[in-house]
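Scroll down for the structure; my scribbles are underneath it.
Each ligand, and each atom within it, is numbered from 1 in the order the structure gives. Just so it is clear, the values below take in all heavy atoms, side chains as well, and ignore hydrogens, waters and symmetry mates. Positions are given from 1 along the sequence.
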Amino acid sequence: MNNLSKKNGEMKIPFLDVGATYNDLKQEIDETVQRVLDSAWYILGNELEIFEREFAEYCGVKYCIGVGSGLEALSLVLRAWGVKAGDEVIVPAHTFIATWLAVSHVGATPIPVEVDESSFNINPKLIEQAITKKTKAIIPVHLYGQSASMLEIKKIAAAFGINVLEDAAQSHGAKYGNKKTGSLGNAAAFSFYPGKNLGAFGDGGAITTNDKRLGETVRMLRNYGSKKKYIHGNIGYNSRLDEIQAAILRVKLRHLDSWNSQRRKIAEYYINNIKNEGIILPFWSGTNDHVFHLFVIKCMNRHNVEQQLTKAGIQTIIHYPVPPHKQDAYTAYNKIRLSITEHLSSQVLSLPMGPHLGIDAVKYICSVINSL
Ligand SMILES: *Cc1c(COP(=O)(O)O)cnc(C)c1O
C-alpha cells in the first residue's frame, strides 16, 4: 500500500450511497409517505396522476404513464405497437440485459448491433445493415447517462418506417441538443429502480410519449387491459407505479437537475485529475447530454485496478461483466462474435459516482488510481 492510502486507511467509499438522498430529504419524504398512508388510496390515484403530469412536463412530452418497472415500460410499449413473434427489434450489443429481455418478452427477436467504443452507445453506422423486412423497432439505450446519436438513428428509422423506443433507464434529465432524453423517439422507457438518477424506494418505471393512442393503449395494458372497471378489451398486465412511490418521486424530481449537475462536476474532476496510462477515460462532450448515471473507465489491467481500489477501501462495480449474447438466457447467441462489446466487458470499470459523493473522496480515488 502506498503512503496516501495508508494515511487514509480509514476511508471507505461505497460505490453509491443510495440512502443519502433519503437522509437529505427525510422530513419531506416521511411526511409525504404519511400523507399517502393516511389517504387510504394506494394504487392508481392522485399522486400517480400528478407525478405523470410533472414527469411528462419535465421530459417535454405530452404523456407519461407510470408502470411497475423499467423492463415492463420497455415491453409494454413493444406490446402496444403490436411487436410479436417473428418480428425483429434492433438493440445495442452492450447494454443491461433488460433491453433484450423486453424484446424477448413480446416473443420478438433481439438483433444486436455493436456500440461505439468511446461513447459506449449503439453505433448508428451499423444499424442499417441490421435492418430486414422483419424489423419493427430500434431501441437505442442512453447508456451510462449519455444520450445516443438520436439524429442519425431517427433518420434511419424514418427511412425504413420503423419505430424508435428510447431506453432512458439511465438518462433521466440528459439532453440531446435542447431536448431531453425521453422526448426524442416515438416513445421512451424509464426505470425508477432505487439506484437510478431518479430512483424510487422500490421498483417503478414510466413510459413517455407524444403519441396519444400509444399512451392510451399502455394505460389500458398496465391495468389488466381495462379502460373501464371490470371491462377488459385486452389481455393486459398488472404493472402500475404505486401511490407511495409516485409521491416520493414527485419530491425527488424537484432535486434531479441539481443532483445531475453534481454528478457532472464529479465527472469533470475525475476527467481532469485521473492520469494513468493504463486507463482510458470516458468520452464526454462536456455538455449536459450526459447525466453520469455511471462513470465508466476502461482499464488495460482491470483486475489489478479493481484489486488495488478494493484494498484502498474504494468500491467499484463492472457494468457489465457478461454481455447479453454470452448469457445462458441467450444460448442461441453464444457463438456470435461481437468483438467490441466483448472487449468492453473485459475492460470497463465503474468508479464511485453519485450526487452525495464528497470531493475529498473523489480526490482520494484519483490519487489512488494515479499511484497504480
Ligand atoms: C435499469 C435498467 C433497465 C430496467 O429497469 P428496471 O426498473 O430495473 O426493470 C432497463 N434498461 C437499462 C439500460 C437499465 O439500466
Side-chain angles (χ1 to χ4, degrees), residues 15-16 18 51 55 64-79 89-106 110 112-113 115 119-122 137-148 150 153 164-174 181-182 184-185 187-208 218 222 237-242 245-246 248-249 252 260 263 282 290-296 317-325 327 329-330 341 344-345 348 350 353-354:
F15 177 73
L16 170 69
V18 216
F51 172 71
F55 195 62
C64 168
I65 301 96
V67 297
S69 72
L71 172 55
E72 288 171 351
L74 288 164
S75 41
L76 285 172
V77 171
L78 295 176
R79 168 79 196 276
V89 176
I90 290 174
V91 294
H94 178 64
T95 181
F96 179 55
I97 197 169
T99 318
W100 288 46
L101 295 178
V103 177
S104 302
H105 282 181
V106 298
V113 166
V115 295
S119 73
F120 304 111
N121 276 325
I122 192 165
I138 305 173
I139 311 184
V141 180
H142 307 300
L143 199 70
Y144 305 152
Q146 180 169 229
S147 52
M150 293 303 292
I153 294 167
V164 177
L165 167 56
E166 296 170 73
D167 182 337
Q170 304 190 355
S171 71
H172 318 70
T181 59
L184 305 162
F190 285 90
S191 163
F192 303 123
Y193 176 78
K196 309 287 185 184
N197 287 35
L198 179 62
F201 295 147
D203 274 313
I207 288 137
T208 54
V218 170
R222 76 168 174 188
Y237 304 81
N238 175 358
S239 179
R240 302 169 304 204
L241 181 63
D242 69 66
Q245 300 305 337
I248 291 167
L249 287 167
K252 290 179 120 193
N260 281 344
R263 285 172 182 272
H290 208 325
V291 290
F292 286 98
H293 172 58
L294 298 169
F295 189 88
V296 179
I317 301 183
I318 296 166
H319 299 93
Y320 302 90
V322 183
H325 74 283
Q327 300 279 356
Y330 286 105
T341 291
L344 285 177
S345 69
V348 290
S350 308
M353 171 54 84

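An N or O contact shorter than 3.5 Å links Q170 to ligand 1 by distance. Ligand 1 has an N or O atom lying under 3.5 Å from an N or O atom of L71, backbone or side chain. Distances between N or O atoms of L74 and those of ligand 1 include no value under 3.5 Å. An N or O contact shorter than 3.5 Å is missing between T95 and ligand 1 by distance. Between S191 and ligand 1, a contact under 3.5 Å exists for at least one N or O pair.
A donor and an acceptor atom, one from each side chain of D167 and T99, are located under 3.5 Å apart. Remark: the H142 side chain and the E166 side chain contain an N/O donor-acceptor pair separated by less than 3.5 Å. Inspection of the N197 and H293 side chains reveals an N or O donor paired with an N or O acceptor under 3.5 Å.
Using a 30° and 60° split on the angle between ring planes, F192 and H172 fall in the tilted class, from 30° to 60°. Ring pair F15/H319 is tilted by interplanar angle, where 30° to 60° counts as tilted.
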Test ring pair (Phe, Tyr, Trp, His ring centres under 6.0 Å) on F55 and F190 and set out the steps.
CA-CA 11 Å; F55 195 62; F190 285 90; 4.9 Å; yes

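Near V141, meaning under 4.0 Å from one of its heavy atoms, ligand 1 places the atoms 13 (C). Within ligand 1, counting atoms from 1 as listed, the ones closer than 4.0 Å to a heavy atom of A98 are 3 (C), 4 (C), 10 (C). The ligand atoms of ligand 1 that sit less than 4.0 angstrom from a heavy atom of G70 are 5 (O), 6 (P), 7 (O), 9 (O).
For F96 and Y320, the gap between ring centers is short of 6.0 Å.
Among protein heavy atoms, the minimum distance from atom 2 (C) of ligand 1 is reached at K196 NZ, 2.8 Å. When hydrogens are left out, the protein atom nearest atom 11 (N) of ligand 1 is D167 OD2, 2.8 Å; that is the closest non-hydrogen contact.
No part of E72 comes within 4.0 Å of ligand 1, judged by heavy-atom distances. Using a 4.0 Å cut-off between heavy atoms, S69 contacts ligand 1 through both its backbone and its side chain.
The CG atom of L165 sits 13.0 Å away from the CD1 atom of I90 when rounded to the nearest 0.5 Å.
Residues that satisfy the ring pair (Phe, Tyr, Trp, His ring centres under 6.0 Å) test with Y330, not counting sequence neighbours, are W100, Y333.
Proximity annotation for atom 12 (C) of ligand 1: of S75, A169, A189, A200, A169 comes nearest, heavy atoms only.
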